Chemist: 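This is the structure, below, for whatever I ask next.
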Number of protein chains: 2
Amino acid sequence: MPRTIRAVHQVARPQGVPTADHFAFVTAELADPTEGTALVENLYLSVDPYMRQMMDGGEGRWGLNAPLEGRSVARVIESRTPELPVGTVLLHRQGWRTHALVRPDEVRVLPDLPGVPLSAHLGVLGGTGLTAYVGLTRVARLAPGEDVFISAAAGGVGSAAGQIARLLGARRVVGSVGSPAKAERVVESLGFDAAFDYHDGPVTELLRAAAPEGIHVYLDNVGGEHLEAAIDALHPNGRIAWSGAIAQYNATEAPAAPRNLADVMFKALRLEGFLVREHLDAQQELYALVAPQIAAGRVVVEETVLHGFDRLVDAFLGVLTGANTGKMLVALKPE
Amino acid sequence: MPRTIRAVHQVARPQGVPTADHFAFVTAELADPTEGTALVENLYLSVDPYMRQMMDGGEGRWGLNAPLEGRSVARVIESRTPELPVGTVLLHRQGWRTHALVRPDEVRVLPDLPGVPLSAHLGVLGGTGLTAYVGLTRVARLAPGEDVFISAAAGGVGSAAGQIARLLGARRVVGSVGSPAKAERVVESLGFDAAFDYHDGPVTELLRAAAPEGIHVYLDNVGGEHLEAAIDALHPNGRIAWSGAIAQYNATEAPAAPRNLADVMFKALRLEGFLVREHLDAQQELYALVAPQIAAGRVVVEETVLHGFDRLVDAFLGVLTGANTGKMLVALKPE
């Protein structure tokens with residue numbers, strides 16, 4: 001019989017930084033699964049910086065007063081399809097709610113990876129980890145022995161990227177973070193060789209100090225001044241893989257582009273944007289590289305988990321202000 | 001016996017736009033060739049936008065009151081090396097003078113290409129043509145059926161690029177130029193589908209009108225506002241091959257970077273600088289593609305030739321202000 005579920009809707013478009021007032025917690029009636037579908041309960045909900053852009057509306061983005069897109073790890077609790085028996089654990093995109101009806105063709109059944117926590121499928125083994133992996137491999141083509149700079153190094157993508165860069169044979173891995181505690185964290189626990197708090201001065205100078213011999217690859221998650229600093233530090237033929245621009249999502253006017261952009265030409269650099277959804281076929285490579293390292297304790301599943309559906313909006317607003325270390329998640333049930 | 005030759009030296013560093021006062025015509029004594037060298041007379045001298053940057057001095061750039069680097073097509077008139085017999089026609093880099101002593105390892109003997117004028121080796125078959133070819137193929141990876149935008153379309157690189165793009169199977173080829181006459185020229189004679197004078201309005205609007213269906217590839221020779229317009233017009237996964245920035249060479253302050261640079265990330269674009277000297281191995285491909293088309297009259301050797309060594313500084317200053325259509329050259333002898 002139909003059940004009452006909880007969901008979060010967006011109820012207004014933000015100008016600049018979003019607040020809790022742009023969201024509303026609602027209840028809805030969810031029908032019983034029909035033939036070919038399954039009812040899932042969401043276990044973990046993902047909140048991500050890209051969602052700030054979804055809030056602006058437009059084609060393919062979020063509508064107002066409507067269900068929201070978001071990645072979720074869920075478990076099947078009722079099924080009318082043999083492909084998804086009760087108990088199946090899967091990944092789907094009907095986030096921001098407690099339950100959902102799913103079809104087999106819109107979910108990905110998660111492999112059972114011994115020694116790997118479920119939440120990792122939204123972090124280092126999920127979209128954020130895949131973003132880091134694709135950026136370092138397919139886009140930047142990181143070679144063993146090269147030096148890497150990663151912005152937002154304590155964030156979901158960054159914390160995965162630093163560890164993946166190490167697995168790929170990077171020599172020196174340097175990160176930019178938003179607080180002294182995060183700088184300590186990424187060096188102490190995530191294997192970065194050096195990290196700086198970008199509030200401490202001009203990023204160009206901070207990066208020069210942290211990577212005095214320069215860098216070969218920059219994984220950009222923030223744009224703006226960091227991009228300018230990276231262009232300064234890159235060796236000739238250096239590569240920038242650009243997967244996000246948190247610093248710009250909230251901007252109400254055009255950001256200051258790097259003043260040294262012409263060095264992309266003079267130094268024969270490559271600045272390449274990418275969308276991880278165009279590289280989903282790399283998922284198996286990511287599992288193969290990273291999952292055994294998690295099980296062996298050599299890769300940390302870095303995450304900040306808020307508990308309870310009530311915390312969902314807090315979690316999202318937090319990820320935009322850097323309240324998290326590692327992947328930001330909301331856990332709905334004890335595992 | 002030693003001979004008196006003529007040369008041009010740089011005598012001062014420019015702030016902004018260079019003038020004739022930054023150069024001096026001088027005479028010098030050139031010794032007889034020693035064992036293993038040959039004496040050449042220069043037939044054609046190349047002047048190029050990149051030389052503006054050389055004028056700023058620094059590592060690898062031009063010194064003051066010293067011989068200047070520049071490409072030249074020359075003929076051997078005395079030889080003390082069997083590798084370069086008298087009459088050999090070759091390419092070397094001791095430009096800005098009437099004669100030079102060369103060693104076999106610092107020249108490239110030019111192939112005899114039937115139906116191809118010697119001057120083409122400094123234009124569509126030389127460094128400018130190679131820049132266009134490498135930019136379109138190795139960097140932008142132009143595919144048949146794609147639409148291309150070329151800035152400075154009437155210049156040396158641009159006039160070659162438009163024709164090479166056509167040979168590579170481009171669908172629509174659009175150019176930006178600096179005068180109505182040039183716009184007419186590139187459409188009438190060089191096979192561009194459309195061209196606009198960038199003085200006629202915001203480049204973004206002009207490009208939208210010229211390429212209403214957007215573009216897949218942009219070959220950038222100017223940077224600045226053109227780059228912003230191209231980012232606007234590029235389809236997702238579009239590519240920008242960036243080989244020069246004439247608009248910025250004379251700038252005394254940092255140029256305005258594109259305000260829409262973040263679209264490189266949002267549209268998964270690739271902005272890649274390149275230096276043609278890192279791709280000299282593509283020369284044979286260029287010959288194979290273009291030389292037969294020149295001989296058949298299907299590729300135009302577009303050039304502006306000033307006659308006489310006295311015109312050398314004029315030619316260089318002219319190329320910086322767009323006085324040329326096609327490759328700018330100085331001819332020292334009738335062929």
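Computed from a predicted model, the values in this text were never measured in an experiment. Every chain is numbered from 1 and lettered A, B, ... according to where its sequence line falls, protein lines coming before strand lines.
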Chemist: Within the 4.5 Å heavy-atom criterion, are F266(B) and Q53(A) side-chain neighbours or not?
Modeler: yes
Chemist: Would you say the side chain of L275(B) lies within less than 4.5 Å of the side chain of N237(A), judging by non-hydrogen atoms?
Modeler: no
Chemist: Contact part of L227(B) toward chain A, heavy-atom cut-off under 4.5 Å: side chain, backbone, both or neither?
Modeler: side chain
Chemist: Are there residues of residues 203-215 of chain A that reach to under 4.5 Å of chain B by heavy atoms, and which ones?
Modeler: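 Not one residue of residues 203-215 of chain A has a heavy atom under 4.5 Å from chain B.
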Chemist: If you take all heavy atoms of V264(A) and L271(B), which pair is closest and at what distance?
Modeler: CG1-O, 4.0 Å
Chemist: Please report the interatomic distance CZ(R239(B)) to CD(E272(A)), rounded to the nearest 0.5 Å.
Modeler: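 Output value for this atom pair is 10.0 Å.
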Chemist: What heavy-atom pair brings A262(A) and W242(B) nearest, and what distance separates the two atoms?
Modeler: CA-CH2, 3.6 Å
Chemist: Applying salt bridge (Lys or Arg N to Asp or Glu O under 4.0 Å), can you list everything that pairs with E278(A), at least two apart in sequence or on another chain?
Modeler: none
